[in-house]
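For this chain, numbers begin at 1 and follow the sequence in order.
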Amino acid sequence: RSVKESTITELLQNSTDAIIESKVENNRIDVNIKYELVENKKSFVIEIKDQVGIKFENLIYLFIPYYSGKSAMKNMTGEMGNGFFNSYRESRKVEIETIDENGNKFTIIDQPLDENDNYITIPGTLVKDIEKNIKYEKTNENRGTTIRIFYVSTTEEDFILDYTSFYSYVFKNYSDMQDNIKLFIN
C-alpha cells in the first residue's frame with residue numbers, strides 16, 4: 001500500500017472504531033479529497049469527518065507514538081498506538097479539529113519537521129520532529145472530528161494521478177463498510 005492508502009485505512013478505521021465504541025446515532029463518515037494551495041504550495045488534501053468527537057482525556061493518544069487508549073473489543077482494530085502516525089509520513093501538515101459531547105473544541109495543527117527543523121516540503125523527506133499548535137475553545141457546534149492531511153503535489157498531473165488512485169482504492173476497499181457505517185465520498 002502507498003502512504004496515502006495506509007493513511008486513509010487508518011483514519012477510516014479510527015472513525016469506525018469511535019462510532020462503534022461511542023454508539024453515536026449518526027454513523028456517517030465523510031471522505032473529501034481536495035487540491036489546495038497551502039503556503040503557496042499545491043497540496044493534495046485528504047479529509048475525514050465523523051460525528052463522534054475525541055474526549056479530552058483521549059487527546060494524549062494523538063501525541064505519543066505507541067500509546068493507545070483502545071482496548072481489545074470485537075469489531076475493533078488497533079491497540080498499538082502507531083497507526084495514526086502513518087499520517088505524518090510524507091505529509092506537510094496535519095489538522096485535527098474535534099468537538100466532544102460537552103462542547104469542548106480542540107484544534108490541533110501539526111507540521112512535521114525535517115532534520116534541519118524546516119517544514120517538510122518534499123515528498124519522502126524523513127520526519128525528525130513535529131511542531132504542534134493547540135487551540136481550545138468552548139462551542140455550541142455539534143460534536144465530531146475532522147482530520148485533514150496535506151500532502152505535497154508538485155503538478156496538476158500528480159494530483160490527478162493521486163486523486164484517481166485514491167478514489168479507486170477507497171471504492172475497492174471500503175464500498176461495504178462494517179457495522180452499518182455510512183461512508184460518503186465527495
With no hydrogens and no angle check, is any side-chain donor or acceptor of [X] less than 3.5 Å from a backbone partner on [Y]?
X: N102; Y: N104; value: no
X: T139; Y: E141; value: yes
X: S168; Y: T164; value: no
X: R92; Y: Y151; value: no
X: T107; Y: K135; value: no

Roughly how far, to the nearest 0.5 Å, is the [atom2] atom of [Y] from the [atom1] atom of [X]?
X: E137; Y: K105; atom1: CD; atom2: NZ; answer: 4.5 Å
X: E97; Y: I147; atom1: CD; atom2: CD1; answer: 11.0 Å
X: I54; Y: I96; atom1: CD1; atom2: CD1; answer: 6.0 Å
X: N27; Y: S15; atom1: CG; atom2: OG; answer: 11.5 Å
X: R143; Y: N26; atom1: CZ; atom2: CG; answer: 10.0 Å
X: S165; Y: E5; atom1: OG; atom2: CD; answer: 6.5 Å

Lys/Arg N to Asp/Glu carboxylate O, [X] vs [Y], below 4.0 Å:
X: D100; Y: K55; result: no
X: R148; Y: E36; result: yes
X: E47; Y: K49; result: no

Would you say [X] and [Y] are hydrophobically clustered, going by side-chain heavy atoms of ILVMFWY under 4.5 Å?
X: V24; Y: I99; value: no
X: F150; Y: I109; value: no
X: L161; Y: I33; value: no
X: I149; Y: I134; value: yes

**Report entry** ring-ring contact (aromatic ring centres under 6.0 Å, His included) against F106, all qualifying residues, sequence neighbours excluded
**Finding:**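 ring-ring contact (aromatic ring centres under 6.0 Å, His included) list for F106, sorted by chain: F56, Y136.
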
Requested in this report: For the pair E21 and K23, evaluate salt bridge (Lys or Arg N to Asp or Glu O under 4.0 Å) and give the outcome as yes or no after the intermediate values.
Outcome: CA-CA 6 Å; E21 184 177 18; K23 298 179 177 77; over 6 Å; no

Query - Minimal non-hydrogen separation, S91 against P112, with atom names - result: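 It is O-CG, 3.6 Å.
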
Side-chain contact, heavy-atom cut-off 4.5 Å: [X] with [Y]?
X: F166; Y: F44; answer: yes
X: Y169; Y: I8; answer: yes
X: I48; Y: L12; answer: yes

Report task. Decide side chain to side chain contact (heavy atoms under 4.5 Å, CB included) for I108 and N133; before the verdict, give the C-alpha distance in whole Å, the side-chain angles of both, and the deciding distance to 0.1 Å. Result -> CA-CA 6 Å; I108 303 160; N133 293 295; over 6 Å; no

Query raised in the report: Is N142 atom CG crowded by more than 12 heavy atoms from other residues, nucleotides or ligands, each under 6.0 Å away?
Result: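 No, the 6.0 Å shell around CG holds no more than 12 heavy atoms from other groups.
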
Requested in this report: Decide if atom CD of E57 counts as having more than 12 heavy atoms of other residues, nucleotides or ligands within a radius under 6.0 Å.
Outcome: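 Yes, CD of E57 has more than 12 neighbouring heavy atoms, counting only those of other groups under 6.0 Å.
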
